[in-house]
Amino acid sequence: MVIAVVQDKDSARLSQKLVQNGYRATKLASTGGFLRAGNTTFLIGTDDERVPDVIQIIEQNCQSRNQMVTPVSPLGSGVDSFLSYPLEVQVGGAAVFVMDVEQFHSF
Ligand code: 2BA
């Protein structure tokens, strides 16, 4: 199982390429914990030997970008006010996790 967190801008292209190459994928709308901006999480179930190819497809279709953001940071526990400040961060093309799946059932 490959889990990939990608930027929304890349998700349509990645989805298309995965399908073209015969992979099954599920897209989940997700939110980054740091930026609190929308991103897309792909769940791609495939055989072990095809994992390197999946990673290559992700790498080729997701690009890193610099983003100016205004995150909202709590000042501290018990304090109701929030501090906003502009910040430039490089958001990676994809954060990819590979994990073993014990069982898979499809009914
Ligand atoms: P976010 O958590 O919104 O993070 C967006 C970008 O902000 C990150 O890009 C990184 O460049 C920066 N960033 C994150 N936490 C930071 C911190 N504590 N201090 C300074 N800068 C920070 P990426 O590393 O490429 O991550 C893009 C998105 O991938 C993340 O969105 C998150 O949704 C996911 N992600 C990345 N690493 C993850 C991990 N270890 N576990 C779960 N999700 C992860």
Side-chain angles (χ1 to χ4, degrees):
M1 168 73 77
V2 179
I3 300 176
V5 184
V6 311
Q7 295 179 48
D8 285 344
K9 285 177 183 166
D10 296 321
S11 73
R13 185 176 55 232
L14 177 59
S15 189
Q16 190 183 12
K17 291 290 179 187
L18 287 169
V19 170
Q20 277 175 4
N21 285 278
Y23 294 105
R24 293 184 178 199
T26 296
K27 288 196 316 183
L28 306 174
S30 47
T31 304
F34 184 68
L35 298 183
R36 301 184 189 191
N39 51 30
T40 303
T41 299
F42 282 79
L43 305 181
I44 307 153
T46 192
D47 297 331
D48 285 349
E49 54 270 25
R50 301 189 78 187
V51 167
D53 185 47
V54 169
I55 292 172
Q56 190 178 39
I57 291 170
I58 294 169
E59 190 177 1
Q60 287 171 346
N61 289 282
C62 300
Q63 61 184 86
S64 65
R65 299 178 180 88
N66 287 332
Q67 264 182 237
M68 287 302 297
V69 293
T70 308
V72 180
S73 302
L75 287 172
S77 59
V79 179
D80 286 336
S81 52
F82 287 79
L83 175 67
S84 294
Y85 52 93
L87 183 68
E88 183 174 29
V89 294
Q90 185 181 53
V91 184
V96 181
F97 306 85
V98 178
M99 43 187 75
D100 289 333
V101 174
E102 204 167 307
Q103 294 187 18
F104 169 69
H105 301 279
S106 178
F107 301 108

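As the structure lists them, so they are numbered: ligands from 1, and atoms in each ligand from 1.
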Looking only at protein heavy atoms, what sits closest to atom 43 (N) of ligand 1 is F97 CZ, 4.1 Å
Heavy-atom pair of closest approach, residues N39 and G32:
ND2-N, 3.6 Å
Can you confirm whether R50 is buried at CZ, in the sense that more than 12 heavy atoms of other residues, nucleotides or ligands lie under 6.0 Å from that atom?
yes
Within the distance-only criterion (no hydrogens, no angle test), does the side chain of Q67 pair as donor or acceptor with the backbone N or O of V91 below 3.5 angstrom?
no
Here the pair of heavy atoms bringing N61 nearest to R13 is O-NH2, 2.8 Å
Considering only the protein, which heavy-atom contact is closest to atom 11 (O) of ligand 1, and what is its distance?
Q90 O, 2.6 Å
Check if G33 has a non-hydrogen atom at a distance under 4.0 Å from any atom of ligand 1.
yes
From atom 19 (N) of ligand 1, is the closest protein heavy-atom distance below 4.0 Å?
yes
So the atoms of ligand 1 within less than 4.0 Å of a heavy atom of G32 turn out to be 1 (P), 2 (O), 3 (O), 31 (O), 33 (O)
Which residue holds the protein heavy atom closest to atom 2 (O) of ligand 1, what is that atom called, and what is the gap in Å?
F34 N, 2.9 Å
Please list, in number order, the atoms of ligand 1 under 4.0 Å from a heavy atom of A95.
29 (O), 35 (N), 36 (C)
Give the residue, atom name and distance (to 0.1 Å) of the protein heavy atom nearest atom 27 (C) of ligand 1.
V91 CG1, 4.0 Å
Over 12 foreign heavy atoms within 6.0 Å of NZ, K27:
yes
Side chains of R65 and Q90: is there a donor and an acceptor less than 3.5 Å apart?
no
Among all protein heavy atoms, pick the one closest to atom 33 (O) of ligand 1 and tell me residue, atom and distance.
N39 ND2, 3.0 Å
Protein heavy-atom partner closest to atom 29 (O) of ligand 1 - residue, atom, separation in Å:
V5 CG1, 3.5 Å
Ligand 1 atoms in contact with L35 (distance to a heavy atom under 4.0 Å)
1 (P), 3 (O), 5 (C)
Measuring from F42:CZ to S11:OG, what's the distance to the nearest 0.5 Å?
5.0 Å
Take a 6.0 Å sphere around CD of E59 and say whether it holds more than 12 heavy atoms from other residues, nucleotides or ligands.
no
Give yes if a backbone or side-chain nitrogen or oxygen of G92 is under 3.5 Å from a nitrogen or oxygen of ligand 1, and no if not.
yes
